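Working notes, beginning with the structure itself.
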Number of protein chains: 2
Amino acid sequence: GSDGAASAVVRRQDTLTKPQGSLGRLETIAAWLGRWQGRDMPKLDAVKVFVFAGNHGVTAQGVSAYPSEVTVQMVANFAGGGAAINQLARIAGAKLDVIPLDLEHPTGDFTQVPAMDEKAFLAAVSTGYDAVTKDLDLVCFGEMGIGNTTPAAAISTALFGGGAEKWTGRGTGVDDAGLQRKVVAIEAGLKRHADSLSDPLKIAAALGGRELAAIFGATLAARHNNVPVLLDGFVCTAAAAPLARLHPTGLAHTIAAHVSAEAGHRRLLESLGLPPLLDLGMRLGEGSGACLAINIVRSALECHAKMASFAEAGVSEK
Amino acid sequence: GSDGAASAVVRRQDTLTKPQGSLGRLETIAAWLGRWQGRDMPKLDAVKVFVFAGNHGVTAQGVSAYPSEVTVQMVANFAGGGAAINQLARIAGAKLDVIPLDLEHPTGDFTQVPAMDEKAFLAAVSTGYDAVTKDLDLVCFGEMGIGNTTPAAAISTALFGGGAEKWTGRGTGVDDAGLQRKVVAIEAGLKRHADSLSDPLKIAAALGGRELAAIFGATLAARHNNVPVLLDGFVCTAAAAPLARLHPTGLAHTIAAHVSAEAGHRRLLESLGLPPLLDLGMRLGEGSGACLAINIVRSALECHAKMASFAEAGVSEK
């Protein structure tokens, strides 16, 4: 990140016709854009939402309220323009790119085998990495994958401890018995892969999923390519979380766009030190919460770029 | 409000390709639009931000960090397009209407006399009332008035009790001594106008301000004309609060767009039972927080109106 660009943004903010600091997070967002784009005057011409989709072997354990074929059906719905993310991306002025990852081959059931071997994991990471190009000004990451709050909770438990119950919620809406099956599956997975739990990358491979690995790779590429990131909900945040374990500022170029209603998300954001922008009880995934925050980032930049200074407007200062 | 329209919105929401309720407040916002517009399919073609401006006699008590001439200077800045609200309204696709109220004649200093007599109060209420026409689909109310967090805190104290300190904050940025002067002025005002404190309208006249009275009138007109309202920060909310005292559902057609960093606002929203949409540490006024929430309301409607149903998209249900 560029300290110089961030400082230039703050200096300009303090000349604009408002009490200093009175735009709250809109001011810190402008500085964040400057820092991670490396531009004194940030821009938001090219904004893109990536939705990565994957299928999960752990659904064999009865962890989701919906059947696995819904993943491919929803990918078709994205292509047809009928999903929530289609509407949200359009209204946010963002391009939408849906990237299915080998849907016909679900990951391994992590209660029995690693979700991915090293080759499958790296292939998914690379797909995500290659998606985020230098020409982008801001990206949102989302996911679609029936069953994927279970790998998200498994990764969270492995990274931050406290037991599976602490991180496990109802996802798309499982009942009490389904919730219990999720906890049991995660505990079984942690036991099965106990020798992988000291390495964040091995955790992501053994307990994660292809769409989560792609988000991990895309978040890393964004850092390398000077592209600020809006993270979405629980699954997206858990997917990126190993970066924070690999480097103390590994997620500094990201903002948590929202905190979802999924039980573990608020706790995960607290563990990562990422205060969410929005808290609207959403729990859909698809990048929906991230996409909803794009307009807030645009608003922050618009104020920063186009407000008059006290001197320009002839307004008296304190 | 129309129960029928609200129910029609909920019925449609439950057919769309998402787990029921997973869009959180976006779903309840769609139903709220339906209820108060009285339309099964709400619309947001005509969205307007009103900024009412007034000057305050109580500034003689040293309650603001800025001189009173800033009110008229900022009105000129609004006209010139240089203020935060200009940028926020443009990016939200909303028209901006700035309505100065007799700026050359500040209200009376409420520590000595009523801020407004009945005639002046009703004139300001009427100006606000007449501004909100039936053709509008959504309105935001904001204000500009150096010193106006003091009348806002005075109204809040008079309506909800607990003493002036509970409701008094730093506004545009007064120091400790300034904060103490605000508390002293409010206590003096409450003592001076003790015989008005049982009537919400008399409170608004004796302790309020012209721009607050206009917001009161505009919020009432919105209810009569089927126009949903986004309330802004502390001053705007305090201006509308007497409606909640006059009728238990007097503010049901409003949403608190944000909770500001001004000390009393969170407490005031709790007292009114209005959970805010946004919590971004903003404290600028001008309708800035309300305007930032327009895109969330647009996003809610866009999802509601244009998502495919499970049947249309061929997606399996639970």
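In what follows, every chain begins at residue 1, and chains take the letters A, B, ... in the order their sequences are listed. Every heavy atom of this structure was used, including side-chain atoms; hydrogens, water molecules and symmetry mates were not. What you see is a predicted model; the values in this text were computed from it and never measured.
Interface remark: of the candidates R25(B), E262(B), E69(B), R25(B) forms the most heavy-atom pairs closer than 4.5 Å to chain A. When the candidates H304(B), R298(B), M307(B), E286(B) are compared by the number of heavy-atom contacts under 4.5 Å with chain A, M307(B) comes out ahead. For the options L277(A), L16(A), V72(A), N77(A), heavy-atom pairs under 4.5 Å to chain B are most numerous at N77(A). Ranked by heavy-atom pairs under 4.5 Å with chain B, the first of L284(A), T28(A), V70(A), L292(A) is L284(A). Of the listed residues G171(B), A313(B), C303(B), G285(B), the one with more heavy-atom pairs under 4.5 angstrom with chain A than any other is C303(B).
I91(A) and N295(B) make their closest contact through O-ND2, 4.1 Å (heavy atoms, listed as atom of the first residue, atom of the second, distance). Residues A83(A) and T17(B) approach most closely at CA-OG1, 4.3 Å, considering heavy atoms. The two residues M74(A) and V315(B) come nearest to each other via the heavy atoms SD-CG2, 4.0 Å.
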Check the pair D279(A) / D279(B) against side-chain contact (heavy atoms from CB on, under 4.5 Å), numbers first and verdict last. CA-CA 8 Å; D279(A) 184 359; D279(B) 183 0; over 6 Å; no

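When heavy atoms are compared at a cutoff of 4.5 Å, A261(A) does not approach chain B at all. Proximity to chain A (any heavy atom under 4.5 Å) is restricted, for E317(B), to the backbone atoms N, CA, C and O. Residue I29(B) does not touch chain A at all, counting heavy-atom pairs closer than 4.5 Å. Neither the backbone nor the side chain of I85(A) has a heavy atom closer than 4.5 Å to any heavy atom of chain B. Contact of L278(B) with chain A is made through the side chain alone, with heavy-atom distances under 4.5 Å. At a 4.5 Å heavy-atom cutoff, A76(B) makes no contact with chain A through either its backbone or its side chain. Heavy atoms of F78(B) lying under 4.5 Å from chain A are absent altogether.
By the 4.5 Å heavy-atom criterion applied to side chains, M282(A) and S22(B) are not counted as neighbours. Looking at heavy atoms from C-beta onward, Q87(A) lies out of side-chain contact with S299(B) at the 4.5 angstrom threshold. Within the 4.5 Å cutoff, the side chain of E302(B) has no heavy atoms near those of the L88(A) side chain. In this structure the side chain of L280(B) reaches within 4.5 angstrom of the side chain of I296(A), judged on heavy atoms. Inter-residue side-chain proximity for K306(B) and R90(A) is flagged as met; some heavy-atom pair is nearer than 4.5 Å. In this structure the side chain of R283(B) reaches within 4.5 angstrom of the side chain of P19(A), judged on heavy atoms.
The local environment of NZ in K95(B) is sparse, with at most 12 non-hydrogen atoms from other residues, nucleotides or ligands closer than 6.0 Å.
To the nearest 0.5 angstrom, T172(A) atom OG1 is 12.0 Å from Q20(B) atom CD.
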